[in-house]
Amino acid sequence: MSESFGLQVVEHDNLGEIVYSQLSDALIKGRFAPNARLTIRDLAQSLGTSVTPVRDAILRLIQDEALVQKSAREVRVPVMTLERYLEIRQIRMKLEGLAAREAALKAEAHDIARLRDLIVRNEQAIATKDWATALELNQTFHFALAQIANMTVLRGILNRLWLQMGPLIAASYEHGGRAMIDQHHVILAAIEARDADKAERAIVDDIRGASSFIIDQLAALKPTGSAT
C-alpha cells in the first residue's frame, strides 16, 4: 500500500495546476524527506488521478529545482549541501527582510490579528510537541508577511526558495523548539509599531537563529577536507 503523504484526492477541473499545487505544498511543509524517492504511480494513486498530470507536475518541480531526476524512473527530493543552504539563506534574509519592511508599513488591524493568531497557535503546537502543525504554522507566518506586503513577484520567488528549503527545515524543526519562533513575537511588535527597520532586523535574526541547527546537521554530513 502506498503512502498518502497527506495529499488530498483532487477534482478533474484544472487538474494539472491542482496536482502541482498539492505537491508544492507537500514539499514546502516537509511531507517529503530529503532524498525521498517519489514514484509517479504512487503519487497518482494518493491523489486519485492519472499519471499524466502527476508527471507534468514533477517536471515543473524539477525545473523549480525542488526535485531531481536521477534516472528515467527515479525522482528524488534533493539533499541540500551546506554551500547551497547558505546561499539560499542569504537570499531569504534579503527578500524576507524586504517583505517584513513592507508588511510593517502596510499591515492593517486584521493582518496583525492574523499574525498574532499564528504565533499563539504555534506556541500551543510546540508546547504539545505537535511538530507537523508547528512547522506548517511557521511557514504560514513567513508567507503571511509577503502577503501583507502585497508583493506578488516576491511571493513567487519566496515560494520557489521554500520549495527547496521545506524538506530540510522540516527535518530540523523539532530540534530548534521554541527558538524557531522567538523572533516572531519581535516581528509582530515591530509591525504593530510600524517600525520597518526593526521588522527587517527581526526576520533576519529569525532566519539566522533558526539556521544554526540546520548548519550543524549539514556540516556533520560534509566530507572531511572539503572546501568551506
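What you see below is based on every heavy atom in this structure, not just the backbone, and it leaves out hydrogens, waters and symmetry mates. All residue numbers in this chain count up from 1 along the given sequence. What you see is a predicted model; the values in this text were computed from it and never measured.
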Step by step, work out the side-chain contact (heavy atoms from CB on, under 4.5 Å) result for Met80 and Met165. CA-CA 8 Å; Met80 184 77 67; Met165 294 294 301; 3.9 Å; yes
Angle class for the Trp162/His142 ring planes (parallel below 30°, perpendicular above 60°, tilted otherwise)? tilted
Are any non-hydrogen side-chain atoms of Lys198 and Val186 less than 4.5 angstrom apart? yes
Working to the nearest 0.5 angstrom, can you tell me the gap between Ile88 CD1 and Ile207 CD1? 12.0 Å
Are any of the side-chain heavy atoms of Glu96 and Leu145 separated by less than 4.5 Å? no
Step by step, would you call Lys106 with Asp111 a salt bridge (charged side-chain N to carboxylate O under 4.0 Å, His left out)? CA-CA 9 Å; Lys106 297 175 181 176; Asp111 297 317; over 6 Å; no
Sub-4.5 Å side-chain heavy-atom contact between Ile215 and Leu86: yes
Euclidean distance, Ile169 CD1 relative to Asn138 CG, rounded to 0.5 Å: 7.0 Å
If every non-hydrogen atom of Arg114 is compared with every non-hydrogen atom of Ala144, which pair is closest and at what distance? NH1-CB, 3.7 Å
Is it possible for you to say whether Val68 and Leu23 belong to one hydrophobic cluster, with membership spreading through side-chain heavy-atom contacts below 4.5 Å? no
Heavy-atom closest contact (Ala146 atom, Leu158 atom, distance): CB-CD1, 4.1 Å
Side-chain contact test, heavy atoms from C-beta onward, threshold under 4.5 Å: evaluate it for Asp195 versus Asp197 and give yes or no. yes
Could you pull out the closest heavy-atom pair between Ser50 and Ala44, with the gap in Å? O-CB, 3.7 Å
Is a side-chain donor or acceptor of Ser46 paired with a backbone partner of Asp42 at a separation under 3.5 angstrom? yes
Hey, quick one: are Ile91 and Ile28 part of the same hydrophobic cluster, counting side-chain heavy atoms closer than 4.5 Å, chains of contacts allowed? yes
Verify the cluster assignment for Leu188 and Ile148: are they in a single hydrophobic cluster under the rule of side-chain heavy atoms below 4.5 Å apart? yes
Would Arg208 and Gln90 count as a side chain to side chain donor-acceptor pair (under 3.5 Å) here? Give the steps. CA-CA 9 Å; Arg208 184 182 288 117; Gln90 185 177 13; over 6 Å; no
Rounded to the nearest 0.5 Å, what's the gap from CZ on Arg201 to CZ on Arg101? Could you check? 9.5 Å
Starting from the C-alpha separation in whole Å, work towards a yes-or-no answer on side-chain contact (heavy atoms from CB on, under 4.5 Å) for Thr52 and Leu15. CA-CA 10 Å; Thr52 300; Leu15 196 56; over 6 Å; no
Check the pair Glu123 / His184 against side chain to side chain donor-acceptor pair (under 3.5 Å), numbers first and verdict last. CA-CA 11 Å; Glu123 291 278 13; His184 290 195; over 6 Å; no
Side chains of Ile191 and Leu115, heavy atoms from C-beta outward: is any pair under 4.5 Å? yes
Of all heavy-atom pairs between Pro78 and Ala66, which one has the smallest distance, and what is that distance? CD-O, 3.0 Å
Between Arg76 (side chain) and Ala36 (backbone), is there a donor-acceptor pair under 3.5 Å? no
Heavy-atom check, side chain of Thr140 versus side chain of Asn122, under 4.5 Å: no
Quick one, Gln164 and Arg84 - any side-chain contact, counting heavy atoms below 4.5 Å? yes
Within the side chain of Arg160, is there an N or O that forms a donor-acceptor pair under 3.5 Å with the backbone of Asp64? yes
Please check if atom CD in Gln69 has more than 12 non-hydrogen atoms from other residues, nucleotides or ligands closer than 6.0 Å. yes
List the steps and the verdict of side-chain contact (heavy atoms from CB on, under 4.5 Å) for Val77 and Asn35. CA-CA 5 Å; Val77 178; Asn35 205 38; over 6 Å; no
Are Met93 and Phe213 connected, step by step, through hydrophobic side chains (Ile, Leu, Val, Met, Phe, Trp, Tyr) whose heavy atoms are closer than 4.5 Å? no
Are Val153 and Leu105 connected in the hydrophobic side-chain network, where two residues link if heavy atoms are under 4.5 Å apart? no
Which heavy-atom pair separates Ala190 from Ala199 by the least distance, and what is that distance? CB-N, 3.4 Å
CZ of Phe143 to CG of Asn159: how many Å apart, nearest 0.5 Å? 4.5 Å
Run Ile187 and Phe141 through side-chain contact (heavy atoms from CB on, under 4.5 Å) and show every step you take. CA-CA 10 Å; Ile187 295 165; Phe141 182 91; 4.0 Å; yes
Drop me the distance from Leu95's CG to Leu161's CG, to the nearest 0.5 angstrom. 6.5 Å
Which heavy-atom pair separates Ala170 from Lys29 by the least distance, and what is that distance? CB-O, 4.3 Å
Got a donor-acceptor contact below 3.5 angstrom from the Ser71 side chain to the Glu74 backbone? yes
Given the rule in the salt bridge (charged side-chain N to carboxylate O under 4.0 Å, His left out) test, do Asp56 and Arg60 qualify, once you have shown the distances and angles that lead to the verdict? CA-CA 6 Å; Asp56 292 344; Arg60 287 178 64 183; over 6 Å; no
Taken to the nearest 0.5 Å, the spacing of Arg92 CZ from Lys94 NZ works out to 14.5 Å
Pairwise side-chain contact, Leu43 with Phe32, heavy-atom cut-off 4.5 Å (strictly under): yes
